[in-house]
Amino acid sequence: MKIQSGYIATIEVIEQVGSRWVLKGEESNIMMNVSDAATTIQVGDEVEVFLYANRRGELAATQQMPSMTADTFGWAKVIRIDDKEGVYVDIGSSFEVLVNRMDMPQVRKLWPQPGDQLYMTLRTDLGGGIFGRLATEERVLEQYEKAEPTLYNANLTARAYRLLPVGSFMLTIPENYRIFIHNSEQVAEPRLGQEVQVRVIEVHDDGTLNGSMLPRVEERLSGDAEVLFAHLTKAGGKMPFTDKSSPEEILETFNMSKGAFKRALGRLMKERRIVQEDGWTTLV
């Protein structure tokens, strides 16, 4: 058991001082705010806590357990983006964590957006401060679940954890299957951490998968509806055009008449692929 920042440990409670519990550390005592206790605590109890360095650089504790630690991996939801620093994520504990911009894709539009989730672990600096580190391919290969051949042609939900020019590596949710989507099987390149729907097109002997983001032949759209669907996908699933847009705007953007545009929208709405609201058309 490691009594250090970034790890979970079981520690004895020795007293309560005001609004803080005092836990028995190795070199000095560890403080935990009463508000960070997830269970009823009494002096003498041994409690499981997550350890981190507070703003003064002191080792502190919380029972709000993160989704990952310095020796485990998990998903963290993106909270906000800072172009200079990187991406701040919610790890499920009492504080947010920075994933450095150097870990982000070189192409800015492929950075995650708020709500996307990153598969990562925790690391600490010399002062015990915690930051996020994306899972490497080596670690994913140690942790993915092996898929059965019966998954061929199945629809799965997945998030991208690694982006390459040749395609995207993803982990399925919640199964944790590893699936590769070649760029020829993508409508558009996903963002890092973006959640997408994929279809299994090959199951390998090692239990990894190949997939596609393209619809099956019988599900594919044609003509103007396909143009609108592709535009929406590349625009992140939302566009400021509806059946109320002007013919001039429609012609300039889509090179089609307003009548054709409305028929294409109608096709997509009938198939429940889109909704229109407040001047926007959004993918379902």
Side-chain angles (χ1 to χ4, degrees), residues 1-105 108 111-136 138-140 142-143 161 192-193:
M1 181 177 66
K2 295 185 178 181
I3 309 296
Q4 66 186 70
S5 181
Y7 292 86
I8 291 174
T10 301
I11 308 177
E12 182 185 354
V13 179
I14 57 178
E15 64 176 323
Q16 183 177 1
V17 178
S19 62
R20 296 192 296 178
W21 290 105
V22 182
L23 312 182
K24 186 177 182 181
E26 293 178 328
E27 298 179 358
S28 60
N29 292 332
I30 300 168
M31 299 297 180
M32 180 173 71
N33 293 327
V34 170
S35 60
D36 277 330
T39 59
T40 301
I41 294 176
Q42 296 180 346
V43 172
D45 289 348
E46 290 197 342
V47 294
E48 187 178 56
V49 295
F50 176 68
L51 301 172
Y52 66 97
N54 62 23
R55 294 180 180 180
R56 295 185 296 274
E58 302 165 340
L59 194 61
T62 177
Q63 283 193 305
Q64 297 183 35
M65 298 300 182
S67 304
M68 72 294 296
T69 65
D71 54 0
T72 63
F73 291 79
W75 294 100
K77 182 179 290 187
V78 175
I79 303 171
R80 57 190 175 92
I81 312 296
D82 187 307
D83 286 341
K84 293 182 179 179
E85 295 185 332
V87 174
Y88 286 88
V89 297
D90 177 4
I91 62 172
S93 191
S94 53
F95 55 92
E96 61 187 34
V97 165
L98 173 67
V99 182
N100 194 283
R101 68 184 306 276
M102 299 303 294
D103 286 343
M104 294 297 108
R108 178 62 180 81
W111 281 33
Q113 294 179 2
D116 292 340
Q117 297 202 36
L118 303 179
Y119 192 63
M120 52 172 270
T121 187
L122 301 180
R123 293 289 181 262
T124 56
D125 58 25
L126 294 177
I130 293 176
F131 60 94
R133 178 61 57 83
L134 298 179
T136 62
E138 179 183 10
R139 290 291 177 262
V140 170
E142 293 173 355
Q143 298 178 34
Y161 70 87
L192 184 68

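Not measured: the values here are computed from a predicted model.
- Side-chain N or O atoms of D125 include one that pairs as donor or acceptor with a backbone N or O of G127 at under 3.5 Å.
- For the side chain to side chain contact (heavy atoms under 4.5 Å, CB included) with I91, the qualifying choice from M120, M65, K77 is M120, the only one to do so.
- Checked by atom type and distance alone, the side chain of N54 pairs as donor or acceptor with a backbone atom of E58 at under 3.5 Å.
- At a cut-off of 3.5 Å, with distance as the only test, a side-chain donor of Y119 or Q143 sits close to an acceptor on the other residue.
- Heavy-atom neighbours of Q42 CD from other residues, nucleotides or ligands within 6.0 Å: at or below the threshold of 12.
- Listed for the Q63 side chain is no donor-acceptor partner under 3.5 Å among the backbone atoms of A37.
- Shortest non-hydrogen contact noted between W111 and V87 is CE3-CG2, 4.3 Å.
- Crowding of R55 atom CZ: a count of heavy atoms from other residues, nucleotides or ligands under 6.0 Å not exceeding 12.
- The closest side-chain heavy-atom distance from I14 to L23 is not below 4.5 Å.
- Residues W21 and V13 share a closest heavy-atom pair of CE3-CG1, 3.5 Å.
- Both the sub-6.0 Å distance and the 45° axial angle are satisfied by R80 relative to the ring of Y88.
- In this structure, L134 and L192 have side chains that are in contact, with non-hydrogen atoms separated by less than 4.5 Å.
- Between the S93 side chain and the P66 main chain, no donor and acceptor come within less than 3.5 Å of each other.
- Between the side chains of D36 and Q64, at least one donor-acceptor pair of N or O atoms lies under 3.5 Å.
- Side-chain atoms of N100 do not come within 3.5 Å of backbone N or O of D103 as any donor-acceptor pair.
- When all heavy atoms of M104 and P112 are compared, the pair lying nearest together is SD-CD, 3.6 Å.
- The pair D83-R101 fails the salt-bridge criterion, with no side-chain N (NZ, NE, NH1 or NH2) lying under 4.0 Å from an Asp/Glu carboxylate O.
- Counting heavy atoms from C-beta outward, T121 and T72 have side chains that stay 4.5 Å or more apart.
- D71 and T69 share a donor-acceptor pair across their side chains, judged by distance under 3.5 Å alone.
- Checking side-chain atoms of Q16 against main-chain N and O of G18 turns up a donor-acceptor pair under 3.5 Å.
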